[in-house]
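Bear in mind the structure is a predicted one, so any value in this text is a computation, not a measurement. Count residues from 1 along the sequence.
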Amino acid sequence: MDRGVTVGPFLDISDDIIFKRVFGRRANKGLLITLLNRMLPDIRVSDLEYLSPETTGFSRENRNSRMDLRCKLDTGHEVIIEVQVRDQHDFKDRAVYYAALPILEEVEAGAGLYHLTPRYVVAFIHFALEHEDNPHWLDEYRSFYSLREKTTGEKLSEAINIVFVELGRFKKSLQGIDNDLERWYFCLKEMGRLTERPAEFSTQEMRELFKTVQVESLSKTEKKDYARYMTTERDIRNQWNFAMEKATAEGLEKGLAQGREEGREEGNVNAARNLKALGISAEIISKATGLSLEQIEAL
């Protein structure tokens, strides 16, 4: 690896690029099946097929959207997986948008008219969502949303199901973990910081995961590329945190005078302006703040 660059023995699967490399490879299909069976308790996955992550957009300005992972399960369900490291305004709405894009694609293809494929969006997010004041969320890190009748809970359609896995709220230490699901949460969040596989993580699926994400499994060239990428990504995260701290202070002052929502929007604009000044690409700024490329260009 490059001199002066330090990476741990395990790949950092909290990063969306690394996550896709690990779970998006056909050689690791079994590992993705295990992960989905842990995250989707209502269905049992035995096999899956990887699909193209490219989908048709709703407008000329947004002709294509690229998802992190997209696959078809042997149960008939389609699953879209998103990994989001940085907090983003209206992320719940963004998840709905990702669920709706394949529906447009399916209807335009004319397959079965409006008989829609049952679909899940699974979002691994490294921040916390806002929930109603309910003690349920104190120690629950997954939330499930679907189309149901408000009074009876009757299911309207299986076309849109959304699962948020809020890794940003998962704070348990190794000593506090006592089940397989929490072991997955811990690994998805902390794998890149570990120096060895914890003794408590000795189940077959955990052994397979740790074996798969070993940096030593990479070729010499891949190791160098990974080290360079993680160095750049860490720099971007540090710059992002700095920009957000500055933007939060600026946005908060405005928010006190003009309302919370306007202050939050101003904070996103200020963060984008700061990141742009630091030389971060418009695509990354857009993904982090939710602003369009046109809005960023105009700053």
Side-chain angles (χ1 to χ4, degrees), residues 13 16 19-20 22-53 55 65 67-84 91-92 94-107 109 111-112 114-125 129 131 136-137 139-150 152-167 169-170 179-189 203-209 212:
I13 54 176
D16 58 343
F19 182 96
K20 286 184 285 186
V22 171
F23 292 98
R25 301 182 74 181
R26 285 173 173 78
N28 298 335
K29 182 172 70 171
L31 196 59
L32 178 58
I33 290 173
T34 300
L35 175 60
L36 291 177
N37 280 326
R38 287 296 180 193
M39 298 303 155
L40 302 174
D42 293 337
I43 60 177
R44 182 66 186 176
V45 184
S46 298
D47 197 8
L48 61 80
E49 172 191 358
Y50 288 100
L51 302 178
S52 170
T55 60
S65 291
M67 301 156 182
D68 287 339
L69 281 178
R70 186 183 179 193
C71 54
K72 184 80 169 183
L73 309 183
D74 60 339
T75 60
H77 294 79
E78 181 180 315
V79 174
I80 296 163
I81 300 176
E82 279 294 303
V83 178
Q84 181 71 23
F91 188 79
K92 289 181 179 178
R94 177 180 169 183
V96 174
Y97 176 73
Y98 274 128
L101 284 175
I103 294 177
L104 173 68
E105 185 179 80
E106 189 172 15
V107 171
Y114 291 101
H115 181 70
L116 302 177
T117 299
R119 183 171 288 103
Y120 279 90
V121 173
V122 181
F124 295 100
I125 55 177
L129 296 174
H131 291 284
H136 172 80
W137 300 114
D139 57 1
E140 181 58 60
Y141 310 100
R142 279 184 308 175
S143 50
F144 296 81
Y145 297 89
S146 61
L147 299 174
R148 292 183 178 273
E149 203 283 324
K150 186 173 183 179
T152 66
E154 179 183 352
K155 178 82 78 169
L156 172 65
S157 171
E158 289 282 352
I160 294 181
N161 299 276
I162 299 175
V163 181
F164 294 108
V165 182
E166 297 176 61
L167 299 171
R169 291 200 301 112
F170 185 75
N179 61 66
D180 288 329
L181 184 58
E182 291 186 349
R183 291 186 184 94
W184 271 103
Y185 291 158
F186 186 87
C187 290
L188 289 167
K189 183 177 182 180
T203 61
Q204 181 178 349
E205 63 190 74
M206 286 290 106
R207 288 179 179 274
E208 180 184 359
L209 174 62
T212 301

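In this structure, R119 pairs ionically with E78, as a charged nitrogen and a carboxylate oxygen lie closer than 4.0 Å. Between R70 and E105 a salt bridge is recorded (basic side-chain N to carboxylate O distance below 4.0 Å). Look at E205 and R38 and you find a salt bridge, because one of the NZ, NE, NH1 or NH2 atoms lies within 4.0 Å of a carboxylate O, short of that distance.
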Query raised in the report: Stepwise, does the side chain to side chain contact (heavy atoms under 4.5 Å, CB included) test hold for L73 with Y120?
Result: CA-CA 11 Å; L73 309 183; Y120 279 90; 6.0 Å; no
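Closest approach of R25 and Y50 over heavy atoms only: O-OH, 3.3 Å. Heavy-atom minimum distance, G30 versus E208: C-OE2, 4.3 Å. Taking both residues in full, the closest heavy atoms of R148 and G153 are given as NH1-O, 2.7 Å, listed atom of the first, atom of the second, then distance. Closest approach of T117 to G76, counting heavy atoms only: CG2-O, 3.5 Å. Between Y98 and I80, the closest heavy-atom pair is O-CD1, 3.5 Å.
Here the side chains of F124 and I13 are not in contact, with every heavy-atom distance at 4.5 Å or above. Between L40 and V79, some side-chain heavy-atom pair lies under the 4.5 Å cut-off. Taking 4.5 Å as the limit, every side-chain heavy atom of R183 sits out of range of all side-chain heavy atoms of F186. Inter-residue side-chain proximity for F170 and E182 is flagged as met; some heavy-atom pair is nearer than 4.5 Å. Side-chain atoms of F19 and L188, non-hydrogen and from C-beta on, do get closer than 4.5 Å to each other. Side-chain contact between I81 and L36: present, with at least one pair of heavy atoms (C-beta onward) separated by less than 4.5 Å. The shortest side-chain heavy-atom distance between P53 and K20 does not fall under the 4.5 Å cut-off. Side-chain contact check for I103 versus I160: some heavy-atom pair is nearer than 4.5 Å.
Once rounded to the nearest 0.5 Å, the distance linking CG of N161 with NE2 of H77 reads 6.5 Å. Between D47 atom CG and K29 atom NZ the span is 4.0 Å, to the nearest 0.5 Å. Remark: M39 CE to L181 CG distance equals 5.0 Å, nearest 0.5 Å. Here Y185 contributes atom OH and D180 contributes atom CG; the two are 12.0 Å apart, rounded to the nearest 0.5 Å.
Formation of a donor-acceptor pair under 3.5 Å by the R169 side chain with backbone atoms of L129 is not found in this model. The backbone N or O of L167 sits nowhere less than 3.5 Å from a side-chain atom of Y141 that would complete a donor-acceptor pair.
In this structure, the side-chain contact (heavy atoms from CB on, under 4.5 Å) partners of S143, at least two apart in sequence or on a different chain, are H131, W137, Y145, F164, E166. Residues meeting the side-chain contact (heavy atoms from CB on, under 4.5 Å) test with R44, sequence neighbours left out: N37.
With respect to F23, the side-chain contact (heavy atoms from CB on, under 4.5 Å) criterion is satisfied by exactly one of N28, L69, D68, I33: L69.
Annotation: E154, atom CD; neighbour count of heavy atoms from other residues, nucleotides and ligands within 6.0 Å does not exceed 12.
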